[in-house]
Structures are given as structure tokens and as C-alpha cells.
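Only one structure is covered here, and it is reproduced in the block below.
Note that the structure is predicted; figures quoted are calculated from it, not measured.
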Amino acid sequence: MAAAARRIRIEERRARLGLRHHLAAQAQASSVVEVAQGLVGLHATDPASVYLAAIVRMRTGEPSIIERALYDERSVIRMLGMRRTMFVVPVELAPVVHAACTRKIAMQERRRLVHHLDQARVAADPGTWLKDVEESTLRVLEARGEATAVELSDEEPRLRTSLLMAEGKPYQARPNICTRVLFLLAADGRIIRGRPRGSWTSSQYRWSPLQTWLPGGLPHLPTEAAQLELARRWLAAFGPGTVADLQWWSGWTAGDTRRALAQLDVAEVDLNGTNGLVLADDLEPITANAPWAALLPALDPTAMAWSDRGWFLGGHAPALFDRSGNIGPTVWWDGRVVGGWAQRREGDIVFRLLEDIGHDAVAALVAAAELLSHRMGTVRVTPRFRTPLEQELTA
């Protein structure tokens, strides 16, 4: 008779989360790279999330440390990755993410843009025309060293070619193709987003040829090998989890997800009646740590790592998510979400609890809010995706 699957209770999953995501006091990280490794990348759709996610997990965290890692040391880089989403990942992980996720996205987006160019009758052969625009843009960027999208459009006017999108609908628009061409060049691993214009909350980036940042570019990896490695890292960081969790996080098809897992040495576990997976050498019980408090930013990688979030989110989703499924700033106590927070115009960080957690927990959260405010300095952050509770707190 086969041995029964080991049961991993919610309390143990929360203990794992605190340690592996650098949130428990004894697990705080010493560098941005260590944080990004522990979380398999920092969600970067909202530029501020990268900084806030790192700051709260480091023993000594200041925005200048994250800026130095991104733009001076270049030990972490910003790139398109899982779920067609921007991430900041360690340099050594970038080839894995590119091969496992980004290459396929680039192919799909190029086909879509060529189709739109064809519909607009921009050229007799839109595929060849687009390729010529890409090569010309890259030559301009190589000559300049770095440039903004506006500067590139000034030297390659075809980037200002506009396309009519969603014709006849309320959200009809005529965007130019500049952003999409730069997206493709970046997704192909040819250019990279550099230092932004303005503060660390800005998303107006300067672009550079990837070769100037990473001499030799991104090493080529076979797709299946890269997916295997990315699945392994996800399980190490976020396991136990389900097949559905990994498929959602990665953005892969069901077939790709199951193929990657089939090549890994994994063990089935019981997650309170649901079948879960961990790496086979990761079955040792993990005991609870001292309770910890944290204020995590919108789109934090911990909150966005699983499709099934009930074990740490409870019933708080309506207050903390926007209509598109983006989570806002969250308040955590000992491995579960207990409320939300916001920064007001004056700079004060305020939070609201959605359940009773006791006096000691509230005191720990007040201290965490004060530390985060100190580390943020004079910068004011408004999440790109506003949620009901965050908007109420700043009204």
C-alpha cells in the first residue's frame, strides 16, 4: 500500500512563507539580489512595487540600494516574464525567464502587430517593413548609447506610425507603434529598460542595447530546459502549491506546466484535502517562527504567487483587489493578510485592519509602518492599480 501523502497544514505554509520570502525577522535579506532570488523575481509593472517589495524584506533597505543594484551594479534587470508581466530578476535567472516565457510572448506579439499593420495597409509586406523598422531603431540606439522612446521616434519617424484600434468602440484609440516596437526588441533580448526619467516611481525609461549592459547578451537556452528550471525555482520559493498555481503564475499552457513538473523530482502532499506538490527533498517539517508584521506593496510577488489564495487571504479579496484582479497594498500578520494600507498625500502611512488581531500585533504593525515611512523618505507612492480600501484610506 502506498504511503499516505504528508499533510502540510495552513500554519506550516505560512511559516514557510515567512522564512522563504524574507518576511520573518530572522530571514531578512542582505541584498536586492537575495530578495529577487527568494521570490523568483519582483513584480515590476508598477515601478514602485519593486522598491517597496525589496525594502520591507531587507535588514537595511533604502531606495538608493535598489537603484544601485539595477543601474550601477546591474546585478538585477527589468524584463518581460511570466504572464506577459514585467519583473526584476537576478541577472543569472534572466536567460531562464527569457527562454521559458518571453520568447513565446515575443512571437505572439509580433504576429499580432504584423496583422494590425496589414489591416492598416502600412506596407505591402508588413512583416518585412516591421523588421526594417526594428533594425533601424536598434541602429539609432546603438549610436546614441541610450535614449527615450521620444528621442528614438525623432530619429526613426516610422515609430510614430499610428494604428486605429478598437474602431467604433468607446475605447477606440490611435496609438503609435513605438511602444510596441520597443516591446518586441526588448522581448527578443536586444534592448533593455535602463534608468527612468525622474524618481524611482517613474515608468518613463531610457532604453539601451542589451549588449552594453550584459556583454554577450542573454545565453540561449532550450525552452523545455528553461521551463524545468523555472518550475523548480517556483516550487523552492512557493511550494507547496498546485499544478493550477504554477500554470497561473508562469502563464504557460496546461501541457507545458505538466511537462515541466513531470521532469522534476517532486512529492505529492495533502493541502487540507487538495493535492499539492513540493520538491522531493523539501518534505522536512518547518515550525512556526516568532510572529511577524509586514506592509507589502501592490502586486507584491508573495500575494501574486498562487491562483488559490484563500489560505492567506481569507475573505478579504473584495477590499484589496481591483476589478482586473490586481492586488493592492496589504497588511500581513504572521503569514496571513489582515488588512490594507496606503500613503496619504502628506506622506503618512495609514492602515485599516479587516479583522481583530490583538494589541501586540497592532503595535508591531505600527512599528512596521513607521519603519517603511522612514525608508521611503520624501517620495509619495500611489499604486498604479487602485483598490477600494486603498482609495478609501486616501480619500
Side-chain angles (χ1 to χ4, degrees), residues 1-24 27 34-43 81-83 85 87 89-90 92-104 221-289 300-313 335-336:
M1 181 180 297
R6 184 167 98 73
R7 185 177 186 185
I8 298 183
R9 299 178 182 274
I10 289 176
E11 292 76 16
E12 184 175 350
R13 295 187 76 180
R14 293 173 178 170
R16 285 172 173 251
L17 184 155
L19 288 173
R20 298 183 182 185
H21 296 193
H22 305 292
L23 292 166
E34 187 180 353
V35 175
Q37 287 173 335
L39 293 160
V40 203
L42 303 176
H43 201 295
M82 294 68 74
R83 304 187 310 281
T85 296
F87 282 85
V89 303
E92 52 90 16
L93 183 59
V96 173
V97 173
H98 184 256
C101 303
T102 317
R103 278 202 303 247
K104 184 175 181 180
L221 297 177
T223 297
E224 290 191 10
Q227 290 177 337
L228 171 65
E229 175 60 14
L230 195 59
R232 185 191 68 77
R233 290 187 182 235
W234 182 84
L235 279 173
F238 303 111
T242 66
V243 175
D245 288 333
L246 175 57
Q247 182 180 346
W248 180 86
W249 177 87
S250 64
W252 297 335
T253 64
D256 285 342
T257 305
R258 294 189 180 278
R259 182 169 51 250
L261 289 171
Q263 298 177 70
L264 284 173
D265 189 10
V266 299
E268 291 190 358
V269 293
D270 174 12
L271 304 178
N272 287 341
T274 298
N275 292 330
L277 296 172
V278 295
L279 294 172
D281 59 0
D282 190 25
L283 285 166
E284 286 298 314
I286 294 177
T287 56
N289 314 286
D300 187 86
T302 293
M304 298 292 287
W306 299 270
S307 59
D308 178 7
R309 305 181 179 104
W311 59 276
F312 64 81
L313 183 62
R336 71 185 195 277

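Minimum heavy-atom separation, Glu284 to Arg16: O-NH2, 4.0 Å. Pairing each heavy atom of Glu268 with each of Leu277, the nearest pair is CG-CD2, 3.9 Å. Nearest heavy-atom pair, Val269 versus Pro240, reported as atom, atom and distance to 0.1 Å: CG2-CB, 3.9 Å. What you find for Leu228 and Ala260 is that their closest heavy atoms are CD1-O, 3.5 Å. Nearest approach of Val35 to His22, heavy atoms of both residues: CA-CD2, 4.0 Å. Of all non-hydrogen atoms in Asp245 and Asp308, the two that sit nearest each other are OD1-N, 3.2 Å.
Atoms CZ and OG1, on Arg259 and Thr253 in that order, are 6.5 Å from each other to the nearest 0.5 Å. Interatomic distance, Arg9 CZ to Leu271 CG, rounded to the nearest 0.5 Å: 12.0 Å. Rounding to the nearest 0.5 angstrom, the gap separating the CE atom in Met82 from the CE atom in Met304 is 11.5 Å. Distance check: Asp282 CG to Ile8 CD1 gives 7.5 Å after rounding to the nearest 0.5 Å. How far CD of Glu92 is from CD of Gln37: 5.5 Å, rounded to the nearest 0.5 Å. Here the CH2 atom belonging to Trp252 is positioned 7.5 Å from the CG atom belonging to Leu261, to the nearest 0.5 angstrom.
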Task: side-chain contact (heavy atoms from CB on, under 4.5 Å) between Asp265 and Asp281, worked out - done: CA-CA 8 Å; Asp265 189 10; Asp281 59 0; over 6 Å; no

TODO: List the steps, then state whether side-chain contact (heavy atoms from CB on, under 4.5 Å) holds for Asn272 with Arg13.
DONE: CA-CA 11 Å; Asn272 287 341; Arg13 295 187 76 180; over 6 Å; no

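For the pair Phe238/Arg20, no side-chain contact is recorded, criterion being any heavy-atom separation below 4.5 Å from C-beta on. A heavy-atom distance below 4.5 Å is found between the side chains of Arg232 and Leu279. Between Asn275 and Thr242, the closest side-chain pair of non-hydrogen atoms is not below 4.5 Å. Under the 4.5 Å side-chain criterion, counting only non-hydrogen atoms from C-beta, Val40 is not in contact with Phe87. Under the 4.5 Å side-chain criterion, counting only non-hydrogen atoms from C-beta, Leu230 is in contact with Trp249.
Of the possible polar contacts, one joining the Arg309 side chain to the Ala303 backbone as a donor-acceptor pair under 3.5 Å is found. A donor-acceptor pair is defined here as one N or O able to donate and one able to accept, closer than 3.5 Å; no such pair exists between the side chain of Glu229 and the backbone of Ala225.
Relative ring orientation between Trp311 and Trp306 is described as perpendicular, the plane-to-plane angle rising above 60° on a 0-90° scale split at 30° and 60°.
Surrounding CZ of Arg7 are more than 12 heavy atoms belonging to other residues, nucleotides or ligands, all under 6.0 Å away.
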